[in-house]
Number of protein chains: 2
Amino acid sequence: MPFNSFEHYPMSWKPDKTQLQRPLYRSLAQLLEHDITHGFLAPGTKLPPQRELADYLDVNFTTITRAYKQCELKGLIYGVTGNGTFVAANAARSVTISKERDSNRYIDLGFVASFEQTNDLVTEVIKDVVEKSYLEELLNYNDPSGIPHHKLAALNWMQTLGINASPEHVAIVSGAQNALTIALLALFEPGNRIAVDLYTYANFIEVSKMLRIRLVPVLGDECGMLPESLEEQCSLLNLHGVFLMPSCANPTTIMMPEKRKVELAQIIQKHRLILIEDDTHAFLSAGIIDHYGQPMYQLLPEQTIYICSTAKSICSGLRVAYIVFHEAFKNKMLKAMYNVNVKTSSLDVEIVTQLILSGKANAIVAMKKELAQTANKTFNEFFPDVSKTGHPLSFFRWLPMARDVDETSSEKFFLKQGVRVFHSNRFLSGNHTGDNFLRVALSSTPSLQELRAGLEMLKKILDECN
Amino acid sequence: MPFNSFEHYPMSWKPDKTQLQRPLYRSLAQLLEHDITHGFLAPGTKLPPQRELADYLDVNFTTITRAYKQCELKGLIYGVTGNGTFVAANAARSVTISKERDSNRYIDLGFVASFEQTNDLVTEVIKDVVEKSYLEELLNYNDPSGIPHHKLAALNWMQTLGINASPEHVAIVSGAQNALTIALLALFEPGNRIAVDLYTYANFIEVSKMLRIRLVPVLGDECGMLPESLEEQCSLLNLHGVFLMPSCANPTTIMMPEKRKVELAQIIQKHRLILIEDDTHAFLSAGIIDHYGQPMYQLLPEQTIYICSTAKSICSGLRVAYIVFHEAFKNKMLKAMYNVNVKTSSLDVEIVTQLILSGKANAIVAMKKELAQTANKTFNEFFPDVSKTGHPLSFFRWLPMARDVDETSSEKFFLKQGVRVFHSNRFLSGNHTGDNFLRVALSSTPSLQELRAGLEMLKKILDECN
DNA sequence: TGATTTGTGACTTGACATTTC
DNA sequence: AGAAATGTCAAGTCACAAATC
């Protein structure tokens, strides 16, 4: 019997007792999930304490623990010992970012594309590839992890980014997102915890949720994740891995200096974490920015899954990424790769390979850098006060907003006025901070004119609201 | 305190008590996994009953339950209420089937390829595609689930297989295996159960293990899965789905007659299971075999994920498969698709599309059918006594072996003598049956001569052993 | 600082179902 | 046919750790 009446102590969530079925914990978890996804419980809402809700429902409090846990693994809620359980920032909606069809109704500064203007250079190479005598050889099941000469080209490409590895430890997959999914499936189990930046790649948040991998937000500064903060989380929780984008973090554009990489590597080594290093933007840093240093893979080759996508640097539609891993991870990685893809189209990989070998990939990179530089300059014209501490060639920018806005209405608000941008809450790995940013893509408009138009629109909207 | 001495009742598995750490169940699960994967516990071994082992270790018996369960979810062991817990048939090794590089050292009748001789027709079309004015449009992030005209071609193709659907319910992914992974990720949770044939697609077993989805073997006859047996499992356990390959089951080559499909559909409907229909081989059945009927998707459109790969029918290396699903599954499927792939290379899809629209895909299918017919005839020459109840145009055959063989030595035994084939144990979804088969691929040798040589070798080996 | 609130998670209890004998 | 063996699973107990006040 409940020894207390809750009529006078309104709980933030009062599940309908009559709807409960056995097993109770599952039924309860479903009710909670329903109420969150249908908007009855707003993000950030503090749920009733386990014991209190248990009392109200007249069940044991660990039955609530179990129900909460099921939702926690799905990323719907999170608990803080001693403090309470809260609805997660991105519980109600999918933060998945994808290219949408109807993008001619607005200017898209949301999705980060890759200055697709350079794709005509790719078509040239495609035309060369189809004349190759071995074209037919690219159409069968052979070499699921990559044809040897494709792997050599991959190493060739990654060498310019600072990677030294052997062909046996390289595999070719279908893009960075595909690589992330494969790495998570291969090396982590449901319930495992991975440390991430407070703001991190939205699609990584989504795939982690799907695989029931828990993300642990770690504080950072203008140089990226804070080593002491990671250390703290390690001692607090049983972490299994850490996800980093040292060459240019998405969405914050932070490029990690060599010193920070070394400090973090020490912590990672000490706690034997698996580092997933998404180095998609290395081509904008290596050999260009003085203090860039090297990928963290070189510091921790035995613990790192290094992912190098060619989607941003060379061609997005061909879906080719390279993974580099240590011998210890090889079998698991190859198995997961096989389970997910069987193989990646050798035709697509051949095109990327020829782009690399012919030097045209470098030409494309040069063009993209140029485009990125102009785009960033244009952004600075409109928003001169925005801190320039981030990566100077980033394909997107991170725009602080002074005022406090409702997150969903915010994106909609801009969209309604003709420009798509993403609010920082979409990238939140943990709870709300109160800060507000917009991620503004610079690489998705087909022309500089359109980018300019988009930025002008954005500035006008922001000015009007202040 | 243990109230019994086990000195006199030798248990099949005696974990070292001194190695146990807290938490006990996890430590125990690790020990068990280690002993299984390192071969100390052979497949089929009956493990000590939970209560007995608990008594021996002086722990509560549900601690053993938990440890066993963790291993069960990984597919290492399986429990039968009232009977015991056993080491799974394929616990120790990966049954993943892939194309290996060194296949010139033996004749490969193991991996099922797709008569790659037809790929020169594909190269012709590739050359046409690169001349298209819209080539550049294929190289960006647009239309992650497939370009509209690619979806129309997909529907066009699937219509000949008996599918009627609308473009909004079609998505294009990177091959059938990719489609399976996406469907499992989108619609099932770790711990869910899916009914499968006793012998089923080996890579489906692997991906299920990886995702902690439990397979429930269901009895079948020469027409496929038995409806009463499925019904029985439904009432026994909480099933969430069923996986079927009605047009030609791999590895058994069974083609399900229409009557059986209808009977199974009733059960599936009644119990609200999700049907995953892998219809890869429909192109060998629809319009060719009288009593073939239609895909089960047409019987149960609201509950079916229909997968149609073009790898076997058109071209294996391009990695294109179509998925058809009901509106109710759409959001989850698109999200999982996006999380796993972002998109499938539009260039590859365009090639397949042009193959379909130009009629060359049909020409390829005609050639493959011809090749399959000849290959099957050749097989019949060597093994005239083998039942011909299976699919007459199957790309592989299912060869019963009279004698009892050790499973691992068996595949090795053939391989050592120059021919790669797969033993039936590789396809076992549940426990050993005592029966022995070989799956013999007919579509992987580059020529009929080599197939003949392989079959001859195989026959000789089998004869010598009898 | 120390008591209280709150979440976490391992282990225990007990009901129940099936299989075997 | 019924008792015993055996696995499954939800729910309960309990120790503990962190945050709050």
Side-chain angles (χ1 to χ4, degrees), chain A residues 4 9 11-12 20-30 32 46-73 77-88 190-193 214 216 232-233 235-239 431, chain B residues 4 9 11-12 20-30 46-73 77-88 191-193 214 216 232-239 430-431:
Chain A
N4 208 337
Y9 305 87
M11 289 191 293
S12 58
L20 283 185
Q21 293 174 357
R22 303 224 138 204
L24 298 170
Y25 78 96
R26 207 183 293 165
S27 171
L28 205 53
Q30 275 163 8
L32 181 53
K46 182 170 177 167
L47 292 172
Q50 297 178 356
R51 285 164 179 84
E52 192 171 330
L53 184 57
D55 207 24
Y56 169 72
L57 294 173
D58 204 10
V59 300
N60 185 279
F61 86 94
T62 56
T63 302
I64 311 292
T65 308
R66 258 190 299 279
Y68 278 10
K69 181 170 183 179
Q70 213 169 71
C71 290
E72 200 250 2
L73 281 177
I77 61 177
Y78 62 93
V80 185
T81 302
N83 195 346
T85 307
F86 305 85
V87 179
N192 280 182
R193 291 192 174 87
R214 297 189 269 196
V216 178
E232 193 195 339
Q233 292 299 328
S235 61
L236 236 57
L237 296 161
N238 183 17
L239 297 190
N431 40 344
Chain B
N4 208 335
Y9 305 87
M11 289 192 292
S12 58
L20 282 186
Q21 294 175 356
R22 302 223 139 201
L24 297 170
Y25 80 95
R26 207 183 292 167
S27 171
L28 205 55
Q30 274 163 9
K46 181 172 178 164
L47 292 172
Q50 297 178 355
R51 284 165 180 83
E52 192 170 331
L53 185 57
D55 208 24
Y56 169 73
L57 295 172
D58 204 9
V59 301
N60 185 280
F61 84 98
T62 55
T63 303
I64 311 292
T65 308
R66 254 192 310 281
Y68 277 8
K69 182 170 183 178
Q70 208 166 76
C71 289
E72 202 247 4
L73 282 176
I77 62 177
Y78 61 93
V80 185
T81 302
N83 196 344
T85 307
F86 306 84
V87 178
N192 281 183
R193 291 192 174 87
R214 297 188 270 196
V216 178
E232 194 194 338
Q233 293 299 328
C234 281
S235 60
L236 236 57
L237 296 161
N238 183 17
L239 297 190
N431 41 344

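Here is the naming used below: chain letters follow the sequence lines, and residue numbers restart at 1 for every chain. Because only heavy atoms are used, hydrogens play no part in the values below, and waters and symmetry mates are left out as well, while side chains stay in.
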Of all residues at least two apart in sequence or in a different chain, which pass the side-chain hydrogen bond (donor to acceptor under 3.5 Å, both in side chains) check with A:Arg66?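 Counting only residues at least two positions away or on another chain, A:Arg66 forms no side-chain hydrogen bond (donor to acceptor under 3.5 Å, both in side chains).
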Nearest-Å distance for atom pair [atom1]/[atom2], residues [X] and [N]:
| X | N | atom1 | atom2 | answer |
| --- | --- | --- | --- | --- |
| A:Ile64 | C:dT6 | CD1 | P | 14 Å |
| B:Asp55 | C:dT12 | CG | P | 13 Å |
| B:Lys69 | C:dA10 | NZ | C1' | 15 Å |
| A:Leu239 | C:dT8 | CG | P | 15 Å |
| A:Leu47 | C:dG7 | CG | C1' | 12 Å |
| B:Phe61 | C:dC16 | CZ | C1' | 11 Å |
| B:Tyr78 | C:dT18 | OH | C1' | 16 Å |
| A:Leu237 | C:dT8 | CG | C1' | 10 Å |

Which nucleotide of DNA chain D is the first, and which the last, in the 5' to 3' direction, to come under 4.0 Å of a heavy atom belonging to chain A?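 Counting from the 5' end, contacts occupy D:dA10 to D:dT20.
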May I ask you to say what A:Thr62 touches in the nucleic acid, namely base, sugar-phosphate or nothing, with a heavy-atom cut-off under 4.0 Å?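 Touches a base.
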Using a 4.0 Å heavy-atom cut-off across all strands, classify B:Arg66 as base, sugar-phosphate, or nothing.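 Result for B:Arg66 = base.
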Could I get the full list of side-chain contact (heavy atoms from CB on, under 4.5 Å) partners for A:Pro48, not counting sequence neighbours?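 Testing A:Pro48 for side-chain contact (heavy atoms from CB on, under 4.5 Å), a comparison that skips the adjacent residues, returns A:Met11, A:Ser12, A:Trp13, A:Leu53, A:Tyr68.
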B:Thr81: partners by side-chain contact (heavy atoms from CB on, under 4.5 Å), with sequence neighbours left out: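 B:Thr81 satisfies side-chain contact (heavy atoms from CB on, under 4.5 Å) with no residue once adjacent residues are dropped.
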With DNA chain D as reference, determine whether B:Tyr68 or A:Leu236 sits nearer its 5' end, using the nearest nucleotide of each.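 Mapping each residue to its closest nucleotide by heavy atoms, the 5'-most match is B:Tyr68.
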Criterion side-chain hydrogen bond (donor to acceptor under 3.5 Å, both in side chains) on A:Thr65 and A:Gln50, from CA distance to verdict: CA-CA 6 Å; A:Thr65 308; A:Gln50 297 178 356; 2.8 Å; yes
Position toward the 5' end of DNA chain C (nearest nucleotide), B:Val59 or B:Val80: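 The residue whose closest nucleotide sits nearer the 5' end is B:Val59.
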Is any side-chain N or O of [X] closer than 4.0 Å to OP1 or OP2 of [N]?
| X | N | answer |
| --- | --- | --- |
| A:Thr85 | C:dG7 | yes |
| A:Thr65 | C:dG9 | no |
| B:Tyr25 | C:dA10 | yes |
| A:Arg51 | C:dG7 | no |

Under a 4.5 Å cut-off applied to non-hydrogen side-chain atoms, are B:Leu57 and B:Ile64 in contact?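 Yes, close enough: below the 4.5 Å cut-off.
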Look up atom CD1 in A:Ile77 and atom NZ in A:Lys69, then write down how far apart they are to the nearest 0.5 Å.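 Rounded to the nearest 0.5 Å, the CD1-NZ separation comes to 12.0 Å.
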How long is the straight-line distance from CD of A:Gln21 back to CG of A:Leu28, given to the nearest 0.5 Å?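 Taking CG in A:Leu28 and CD in A:Gln21, the distance rounds to 12.0 Å.
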Looking only at heavy atoms, which two atoms of A:Tyr78 and A:Glu72 are closest? And how far apart?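 Here A:Tyr78 and A:Glu72 meet closest at CA-CG, 4.0 Å.
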Considering non-hydrogen atoms only, spot the tightest contact between A:Gln70 and A:Ala29 and give its length.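 Here A:Gln70 and A:Ala29 meet closest at OE1-CB, 3.5 Å.
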Which residues share a ring pair (Phe, Tyr, Trp, His ring centres under 6.0 Å) with A:Phe61, sequence neighbours left out: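 Here no residue qualifies.
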Review item, nucleotides 1-5 of chain C N/O atoms under 3.5 Å of protein N/O:
none

